[in-house]
Asks: 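Could you have a look at this structure, given as structure tokens, before my questions?
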Protein chains: 2
Amino acid sequence: MDIVERLTQFGLTRHEAAIYLTLLAEGDLNGYEVAKTTGISRSNAYTSLASLVEKGGAYVIEEATIRYTPVAIAEFCQNKIRKLQQAKQDLIATIPAKRDAVEGYITIKGENNILNKLRNMILEARERVYISVPAQILETVLGDIESAINRDIKMVIITNGSFTLAGATIHIADQPLQQIRLIADSTNVLTGDVSNGEHSTCLYSRKRNLVDLFKDSMKNEIKLIEMTKGN
Amino acid sequence: MDIVERLTQFGLTRHEAAIYLTLLAEGDLNGYEVAKTTGISRSNAYTSLASLVEKGGAYVIEEATIRYTPVAIAEFCQNKIRKLQQAKQDLIATIPAKRDAVEGYITIKGENNILNKLRNMILEARERVYISVPAQILETVLGDIESAINRDIKMVIITNGSFTLAGATIHIADQPLQQIRLIADSTNVLTGDVSNGEHSTCLYSRKRNLVDLFKDSMKNEIKLIEMTKGN
DNA sequence: GTGTAGACTTACTAAGTAGGAACACTAAAT
DNA sequence: ATTTAGTGTTCCTACTTAGTAAGTCTACAC
């Protein structure tokens, strides 16, 4: 992902991000110099500098002419994160907790949201997790799997390619896996695939019958893998 | 702060935030019901619902008519925070560290940015912190001060009102304090006031002469407080 | 007058907001 | 049975604001 795009996630516009990077690279500059080195028109350079200061991305150095100095990247990012963490706590405190009904069949759309749900299911698991995902996806949630294992969660992983992880039971499938499947605590299940990027969809459910169905299905998958391995 | 406004910090529009809150309050709804209860026009309700799903704030329930269910607030917020933390790490890894020159006199604008700088100075202190702030501001950075004390940072606090804190040296001033002043590690200093909200300005500097000046000034302030107490 | 420094003006685009209209389908009232 | 009211969804128009792009105007210094 582009550096500028990453910075926009912290609330900067593309101009502000470009200016911020220029300040880091070139040292402390004034508006005119910023415009010259970034190629942003002077008028926009001045307004963007002002709003960059307002957003806490740069400080003002008062000299003969006003110069700007970038705030350290870790500091700038952490300020935003801290603010969101505070906002999260405030929201949790003010918003009535959602009664966790046994929902029906829920569709989760978009690769990002699916991976987030995958992560959160692993993070919230109390006893055991059965997960069957392509190696590539396993990589992205590895940290969460490890932390679950450290919490003494029983972890059974089905994936393709070679993979080992202390504390987890691993089954390696021959064919490349297409699907994502996860069962946590025998109570909630996630299935689908993320091959369509942001158009991917997954099914999430806490319905007993579906969960049982998937438990059997994964048991069979594991049996099959072990049998073909035996040959 | 308004709940809707807090949610917008997590990337939702006002419409999306209102819809999200309605879903939490009313349970799972379809587009028509959302429009009816929120008062948002039907056309916008549908588009906002779609983008709320895209942003991971709600899931789709497929039944006779499509219904929407809100994602738990903690989960939604944490997804965003996790993403930003990852982005922060990526940025730190890709961006060349700013050489920490002895900058001149830096002006920090806006109450939020000033308080952030205050926090970060406390967080980054290695040895000692002298801080002189009104009780009200002391409250907001109390957590950071406590964690600094736990890191064995020497902490000297001048404030008004009554205040005690284990591990810190406290001096109570009679008159209400107007100014913010902080010296960390005898190397960097922050001074100004935040009484003008977002139009407040503070001076930050690592200049030796200014730091020394402030050290003396705060020493005198402490002496004066102790002497008047003696009377 | 040429480079530096900053402010003002205009224009285009995209996103968010606000509201009307078309269309289809269902249940109740006449 | 036909009309009417309500439900559910999509499409279209319009206004506002923010971000972007670019030109003009003043002022000063060397």
Side-chain angles (χ1 to χ4, degrees), chain A residues 2-23 26-69 104 107 109-110 198, chain B residues 2-23 26-58 60-69 104 107 109 198:
Chain A
D2 185 30
I3 301 186
V4 169
E5 201 183 325
R6 284 222 184 77
L7 284 170
T8 59
Q9 295 187 349
F10 288 88
L12 301 186
T13 68
R14 295 215 321 284
H15 274 173
E16 287 157 5
I19 290 173
Y20 178 77
L21 292 174
T22 303
L23 288 178
E26 305 285 323
D28 309 338
L29 305 173
N30 58 31
Y32 181 84
E33 292 166 326
V34 162
K36 205 169 49 171
T37 45
T38 57
I40 295 170
S41 75
R42 280 201 291 287
S43 52
N44 291 334
Y46 286 111
T47 52
S48 294
L49 271 169
S51 71
L52 182 60
V53 168
E54 202 176 310
K55 291 174 183 176
Y59 296 140
V60 172
I61 307 175
E62 317 255 16
E63 290 175 8
T65 79
I66 296 171
R67 308 184 80 79
Y68 297 86
T69 189
T107 306
K109 297 185 178 180
E198 288 317 302
Chain B
D2 185 31
I3 301 188
V4 168
E5 199 182 327
R6 284 221 184 78
L7 284 169
T8 59
Q9 295 188 350
F10 288 87
L12 301 186
T13 67
R14 295 216 321 283
H15 274 175
E16 287 157 6
I19 290 173
Y20 177 77
L21 292 174
T22 302
L23 288 178
E26 305 285 325
D28 308 338
L29 306 173
N30 59 31
Y32 180 84
E33 293 166 325
V34 162
K36 207 168 48 172
T37 45
T38 58
I40 295 171
S41 76
R42 281 200 290 285
S43 51
N44 290 334
Y46 284 107
T47 53
S48 293
L49 271 169
S51 72
L52 182 59
V53 168
E54 202 176 311
K55 291 174 182 176
V60 172
I61 306 175
E62 317 255 14
E63 291 176 9
T65 79
I66 295 171
R67 306 184 82 77
Y68 298 85
T69 189
T107 305
K109 297 184 179 179
E198 288 317 301

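Chain letters run A, B, ... following the sequence lines, proteins first and then strands; every chain starts at 1.
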Asks: How many angstroms lie between OH in B:Y20 and OG1 in B:T13, if you round to the nearest 0.5 Å?
Replies: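 Going from OH on B:Y20 over to OG1 on B:T13, the span is 14.0 Å.
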Asks: In whole Å, what is the span from the CG atom of B:L29 to the P atom of D:dT7?
Replies: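 Nearest whole value for this atom pair: 13 Å.
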Asks: Which heavy-atom pair separates A:A45 from A:A35 by the least distance, and what is that distance?
Replies: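 That would be CB-CB, 3.8 Å.
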Asks: If you measure from CD1 on A:I40 to CZ on A:R14, what distance do you get to the nearest 0.5 Å?
Replies: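 Reported value, rounded in 0.5 Å steps: 9.5 Å.
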Asks: Any pair with a residue in residues 43-60 of chain A that passes salt bridge (Lys or Arg N to Asp or Glu O under 4.0 Å), sequence neighbours left out, goes on the list, sorted by first then second residue, please.
Replies: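 Only A:E16-A:K55 qualify under salt bridge (Lys or Arg N to Asp or Glu O under 4.0 Å).
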Asks: Tell me: CG of B:L12 to P of C:dA15, nearest whole Å?
Replies: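 Answer to the nearest Å: 16 Å.
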Asks: Taking five pairs at each end of the helix from C:dG1-D:dC30 to C:dT30-D:dA1, what angle separates the two helix axes (nearest 10°)?
Replies: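 For the helix from C:dG1-D:dC30 to C:dT30-D:dA1, the axes at opposite ends meet at about 20°.
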Asks: So which of residues 41-57 of chain A are in contact with DNA chain C, with a heavy-atom cut-off of under 4.0 Å?
Replies: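 Within this stretch, A:R42, A:S43, A:Y46 sit under 4.0 Å of the strand.
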Asks: Short question: side chain of B:R67, backbone of B:D28 - any donor-acceptor pair under 3.5 Å?
Replies: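 Yes.
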Asks: Respond yes when some side-chain nitrogen or oxygen of A:H15 is under 4.0 Å from OP1 or OP2 of D:dA21, and no when none is.
Replies: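 So the side-chain polar atoms of A:H15 do come within 4.0 Å of the phosphate oxygens OP1 or OP2 of D:dA21, strictly under.
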Asks: Rounded to whole angstrom units, what separation is found between the NZ atom of A:K36 and the P atom of C:dG3?
Replies: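 Atom-to-atom, A:K36 to C:dG3, this comes out as 10 Å.
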Asks: Starting from C1' on C:dG16, measure out to CZ on B:R14 and report it in whole angstrom.
Replies: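 Rounded to the whole Å, the gap is 9 Å.
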Asks: Find the distance between CG (A:L12) and OG (A:S48) and round it off to the nearest 0.5 Å.
Replies: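 So the CG of A:L12 and the OG of A:S48 are separated by 10.0 Å.
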Asks: Using whole Å, what does the distance between atom C1' of nucleotide D:dA27 and atom OH of A:Y32 come to?
Replies: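 Going from OH in A:Y32 over to C1' in D:dA27 covers 14 Å.
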Asks: Once you round to the nearest 0.5 Å, how far does CG of B:L21 lie from CD of B:E26?
Replies: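 Answer for the CG-CD pair, B:L21 versus B:E26, is 11.0 Å.
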Asks: Could you check how far CD1 of B:I19 sits from P of C:dA18, rounded to whole Å?
Replies: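 Rounded to whole Å, this separation is 12 Å.
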Asks: OG1 of A:T8 to NE2 of A:H15: how many Å apart, nearest 0.5 Å?
Replies: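 Answer for the OG1-NE2 pair, A:T8 versus A:H15, is 13.0 Å.
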Asks: To the nearest 0.5 Å, tell me how far A:I61 CD1 sits from A:T69 OG1.
Replies: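 Interatomic distance, A:I61 CD1 to A:T69 OG1, rounded to 0.5 Å: 4.5 Å.
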Asks: What is the separation between atom CG on B:N30 and atom C1' on D:dT9, rounded to the nearest whole Å?
Replies: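 Computing the B:N30:CG to D:dT9:C1' distance gives 10 Å.
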Asks: Heavy atoms only, 4.0 Å cut-off, all strands: where does B:I66 land among base, sugar-phosphate and nothing?
Replies: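 Counting heavy atoms under 4.0 Å across all strands, the contact made by B:I66 is with sugar-phosphate only.
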